[in-house]
Amino acid sequence: MKDDAPVVEVVPYDPAWSVRFTVEQRLLSEALPAALSVEHFGSTSIPGLAAKPIIDILAVVPEVEAVVADLRPLELLGYVYRPMAFPEDDDHLFFAKDTAGKRSHHLHVFGVTSLIPEANRVFRAYLAANPDAARRYEAAKKRAAELHPHSRAQYGAAKEEVTARLLAEAHLWRRAARHQSAEG
């Protein structure tokens, strides 16, 4: 891989992403037998949405310490633990996996008490159910990738405002749906 090759690239939706997740889900369910859930999240989980071609996986476990205590099952699958990726959150472990020399998977492992998995589920459901919101997110991602093709951190920061706005919309959307179902 060339040194000037972008590390951030947003590409059109690929239906193979869901297949790649399903394969990885089976492997991770064996590597993390205590996991309460192993889910596809992030942009590659939303049909039709352009994304970085990296499969984002969310796993919820009873105790993150147990995962850190024995990293071998994940290492055997090619996952590399990045302990400083989320230093402010002791309940969030991050692993990266490369395939053929390119980043292919991100695994986020959360403790059962973390609120982040539910926020990600709501965001995923909102974007999947609201094409306008998905397009706004896609536009922000493309713009951020064009501006910062060589920095994941700058890419993330560039789309942070739109992401925060959409997440707030997603929470309102969920509240409205709950209110409607409570009335009906």
Side-chain angles (χ1 to χ4, degrees), residues 8-22 24-26 28-29 32 34-64 85-95 105-148 152-184:
V8 177
E9 187 177 17
V10 174
V11 301
Y13 177 75
D14 183 347
W17 291 337
S18 64
V19 175
R20 287 177 49 207
F21 164 72
T22 301
E24 209 66 18
Q25 181 185 38
R26 280 193 292 270
L28 287 168
S29 293
L32 297 170
L36 304 171
S37 67
V38 176
E39 304 171 48
H40 192 185
F41 81 112
S43 298
T44 60
S45 72
I46 302 175
L49 188 66
K52 294 182 312 196
I54 300 170
I55 306 302
D56 285 307
I57 302 168
L58 179 156
V60 176
V61 297
E63 295 180 19
V64 294
F86 296 94
E88 70 286 351
D89 187 354
D90 292 339
D91 232 13
H92 186 176
L93 308 177
F94 178 73
F95 299 82
H105 298 79
H106 286 160
L107 172 61
H108 298 262
V109 178
F110 295 95
V112 71
T113 59
S114 177
L115 300 176
I116 295 172
E118 185 57 24
N120 278 291
R121 291 177 188 117
V122 170
F123 191 67
R124 176 185 62 204
Y126 179 66
L127 292 182
N130 294 277
D132 175 63
R135 294 303 150 235
R136 285 185 284 141
Y137 188 51
E138 181 177 85
K141 292 169 69 62
K142 286 179 176 178
R143 192 167 41 256
E146 288 170 10
L147 291 170
H148 306 289
R152 287 184 185 96
Q154 288 177 321
Y155 163 80
K159 65 184 183 80
E160 195 170 294
E161 184 179 324
V162 171
T163 303
R165 192 173 327 120
L166 288 168
L167 185 56
E169 289 176 20
H171 285 295
L172 290 173
W173 171 78
R174 180 181 65 175
R175 260 188 234 124
R178 284 182 175 169
H179 182 72
Q180 274 185 335
S181 67
E183 288 180 347

For [X], all residues meeting side chain to side chain donor-acceptor pair (under 3.5 Å), sequence neighbours excluded:
{"X": "Glu146", "result": "none"}
{"X": "Gln25", "result": "none"}
{"X": "Asn120", "result": "none"}
{"X": "Ser43", "result": "Lys141"}

Qualifying residues under salt bridge (charged side-chain N to carboxylate O under 4.0 Å, His left out), relative to [X], sequence neighbours excluded:
{"X": "Glu24", "answer": "Lys97"}
{"X": "Arg124", "answer": "Glu39"}
{"X": "Arg26", "answer": "none"}
{"X": "Arg152", "answer": "none"}

Ignoring hydrogens and angles, write down the donor-acceptor pairs under 3.5 Å from the side chains of residues 162-170, residues two or more places apart or on other chains.
{"from": "Thr163", "atom 1": "OG1", "to": "Lys159", "atom 2": "O", "distance (Å)": "2.8"}
{"from": "Arg165", "atom 1": "NH2", "to": "Glu161", "atom 2": "OE2", "distance (Å)": "3.2"}
{"from": "Glu169", "atom 1": "OE1", "to": "Tyr126", "atom 2": "OH", "distance (Å)": "2.6"}
{"from": "Glu169", "atom 1": "OE1", "to": "Arg136", "atom 2": "NH2", "distance (Å)": "2.8"}
{"from": "Glu169", "atom 1": "OE2", "to": "Arg136", "atom 2": "NH1", "distance (Å)": "3.0"}

Checklist entry - Which heavy atom in Leu49 sits nearest to a heavy atom in Tyr13, and how many Å separate them? => result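 Here Leu49 and Tyr13 meet closest at O-CB, 3.5 Å.
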Checklist entry - In chain order, what residues pass the side chain to side chain contact (heavy atoms under 4.5 Å, CB included) check against Pro62, with sequence neighbours excluded? => result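 Partners of Pro62 by the side chain to side chain contact (heavy atoms under 4.5 Å, CB included) criterion, ordered by chain and then number, come out as Ala34, Leu36.
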Checklist entry - Among pairs that include at least one residue of residues 46-64, which meet salt bridge (Lys or Arg N to Asp or Glu O under 4.0 Å), considering only residues two or more places apart or in two chains? => result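 The answer is none; no pair qualifies.
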Item to check | Check: Ser45 side chain, Gly42 main-chain N or O, donor-acceptor pair, under 3.5 Å | outcome: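 Yes.
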Checklist entry - Sequence neighbours excluded, which residues qualify as ring-ring contact (aromatic ring centres under 6.0 Å, His included) partners of His40? => result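 For His40 the ring-ring contact (aromatic ring centres under 6.0 Å, His included) partners, ignoring immediate neighbours, are Phe21.
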